[in-house]
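Starting from 1, each residue takes its place in the sequence as its number. Indexing begins at 1, ligand by ligand and atom by atom, following the structure's order.
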Amino acid sequence: MPDTQTVDLRSDTVTRPGDAMYDAMRSAPVGDDVYGEDETVNRLERIAAALLDKEAALFTSSATQANLIAMLVHNARGEEVLCGDCYHVFVAEAGGASTLGGVVVHPLPTAEDGSLTREQVLGAIKEDDPHHPITRTLSLENTVSGRVQDPARQRDLVDAVREQGLRSHLDGARLMNAAIATGLSAADIAAPFDSVMLCLSKGLGSPVGALLCGSAAFIERARRQRKQLGGGMRQAGVLAACGLYALEHNVERLADDHARAARLAAGLVAIDGLAVRHATNMVFVEPAADDVAALREHVEARGVLIGTQKPPLRLVTHLDVDDDGIERAIDAFRSFYRH
Ligand SMILES: *Cc1c(COP(=O)(O)O)cnc(C)c1O
C-alpha cells in the first residue's frame with residue numbers, strides 16, 4: 001500500500017491499486033485475448049468504444065503503445081504526422097513512430113496554452129512533390145501538460161485538415177481530466193477525431209493499460225499492428241478489470257484532484273519569489289534557478305516528491321494524494337522560504 005508518509009507529486013502514474021481494484025482483478029472472468037476469448041477485455045473494449053462514441057476499441061499495454069499503433073496504422077513509411085513540438089508523441093515516445101515505422105514527425109511550435117493554429121497546421125501540409133514526405137495525419141493532445149484544449153478549436157483544425165485528405169488522432173492520455181474540467185462528455189471532445197487514445201494508468205488509477213478507439217476497420221488493423229509489436233496479451237482480463245473499475249469509480253473523482261491542485265497552487269502562490277501555474281491536476285512552480293536543488297532536497301526531506309529535473313517543477317495530484325498531503329506539501333515549500 002502507499003507509504004502514507006510520502007506525498008508523491010511526481011506524476012499521476014504513481015498510484016497503486018487499492019483493495020477494491022484487487023478484488024475486481026481476482027473475480028474477473030478471463031480467457032485468451034489473442035483468440036478474442038477474454039470476456040473482461042471484450043467488455044472493457046465495448047464500454048470504451050461506447051464511452052467515446054466510436055465503433056470499436058483496443059486494449060493496449062500502455063498509452064505509448066496505443067499512440068504508436070495509431071501512428072503506424074495511419075501512416076505508411078515516408079508519410080508524415082503533424083503535431084505540437086511539446087506533444088508526447090514527438091518528445092516522449094523515444095521516437096517510436098519514426099524508428100519503427102519510418103514515419104516522419106513534423107513538430108510545430110506550440111503556443112503557451114498548448115494549442116496549434118489553423119494557419120500553422122495548414123501551412124505545414126506538404127505539396128505533392130517528390131521532395132517531400134506525404135503529409136497524412138494531424139495528431140493533437142488534450143490535455144496538454146494539464147492544460148485543457150478548446151474542443152471547438154480542435155474540431156476546427158481537424159475539419160480543416162480533413163478537407164486536405166488528412167487523418168486525425170487525439171492523444172487523450174488525460175482526456176477524462178479535460179472532460180471533467182469542461183463539463184463536456186469525453187465523446188464530444190473525441191468526436192472530430194478518426195482515432196482517440198485514452199490512458200487508464202494516469203489519473204484513472206489503473207496499474208497498466210490504455211485504450212485506442214476508432215472505426216471498426218481502423219481497430220481491426222490496429223489489432224494486427226499490436227500483435228506485430230508484441231502487444232498481444234493472453235489472460236489480460238486481470239488488467240482490463242482494473243480499467244473497468246477505473247472507468248466506473250475514478251472518473252468523477254478527478255474533480256477532487258483538480259480542486260486539490262487548485263488548493264496547492266493557492267498555497268504556493270502566496271510564497272514570495274515563486275511563480276505558480278495551475279491547470280487541471282497539475283501545478284507548475286518556477287523557483288529562482290539557484291534555489292532549485294536546495295528546494296527539492298528540502299521538500300524531499302519532508303516526504304514531498306516533485307517531478308521533472310529542470311524548472312518549472314511539476315506537481316501532480318492523483319488518487320493517492322489527500323487533503324492532508326496537500327497541506328504537508330504547502331508547509332514543506334513554505335518552510336524552505338521562511339529561513
Ligand atoms: C503519459 C502520456 C502518454 C504515455 O503514457 P505511458 O503510460 O507512459 O505509455 C501519452 N501521451 C500523453 C499526453 C501522456 O501524458
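Residue Asp171 has at least one nitrogen or oxygen atom sitting less than 3.5 Å from a nitrogen or oxygen atom of ligand 1, judged on distance alone. Polar contact with ligand 1: present for Arg174 (N/O pair, distance under 3.5 Å).
Under a 4.0 Å N-O distance rule, the pair Arg328/Asp331 does not qualify as a salt bridge. Ion pairing between a basic and an acidic side chain is recognised when a charged N comes within 4.0 Å of a carboxylate O; Arg16 and Asp320 show no such pairing. With respect to the salt-bridge test (charged N to carboxylate O, under 4.0 angstrom), the residues Asp323 and Arg263 do not qualify.
Scanning all protein heavy atoms for the shortest distance to atom 5 (O) of ligand 1 gives Ala63 CB, 3.1 Å. Looking only at protein heavy atoms, the nearest one to atom 8 (O) of ligand 1 is Thr64 OG1, 3.8 Å. For atom 1 (C) of ligand 1, the nearest non-hydrogen atom of the protein is Lys202 NZ, 1.3 Å. With hydrogens left out, the protein atom closest to atom 10 (C) of ligand 1 is His88 ND1, 3.2 Å, a heavy atom.
Atom numbering of ligand 1 starts at 1 in the shown order; those under 4.0 Å from a heavy atom of Glu141 are 13 (C). For ligand 1, the atoms lying closer than 4.0 Å to a non-hydrogen atom of Glu93 are 10 (C). Ligand-side atoms of ligand 1 in range of Ala173: 2 (C), 11 (N), 12 (C), 13 (C), 14 (C), 15 (O), range being under 4.0 angstrom from any heavy atom. Residue-ligand proximity, Ser62 to ligand 1, at heavy-atom distances under 4.0 Å covers atoms 9 (O).
The CG atom of Leu52 sits 9.0 Å away from the OG atom of Ser185 when rounded to the nearest 0.5 Å. With values rounded to the nearest 0.5 angstrom, Arg147 atom CZ is found 6.0 Å from Glu112 atom CD.
Every heavy atom of Gln65 sits 4.0 Å or more from the atoms of ligand 1.
Residue contacts with ligand 1, taken as heavy atom pairs separated by less than 4.0 Å, involve Asn67 solely via side-chain atoms from C-beta onward.
Identified under the salt bridge (charged side-chain N to carboxylate O under 4.0 Å, His left out) test for residues 165-192, with sequence neighbours left out: Asp12-Arg174. For residues 250-259, the pairs satisfying salt bridge (charged side-chain N to carboxylate O under 4.0 Å, His left out) are Arg253-Asp257, with sequence neighbours left out.
With a 6.0 Å radius and a threshold of 12 heavy atoms from other residues, nucleotides or ligands, Asp290 has its CG atom at or below the threshold.
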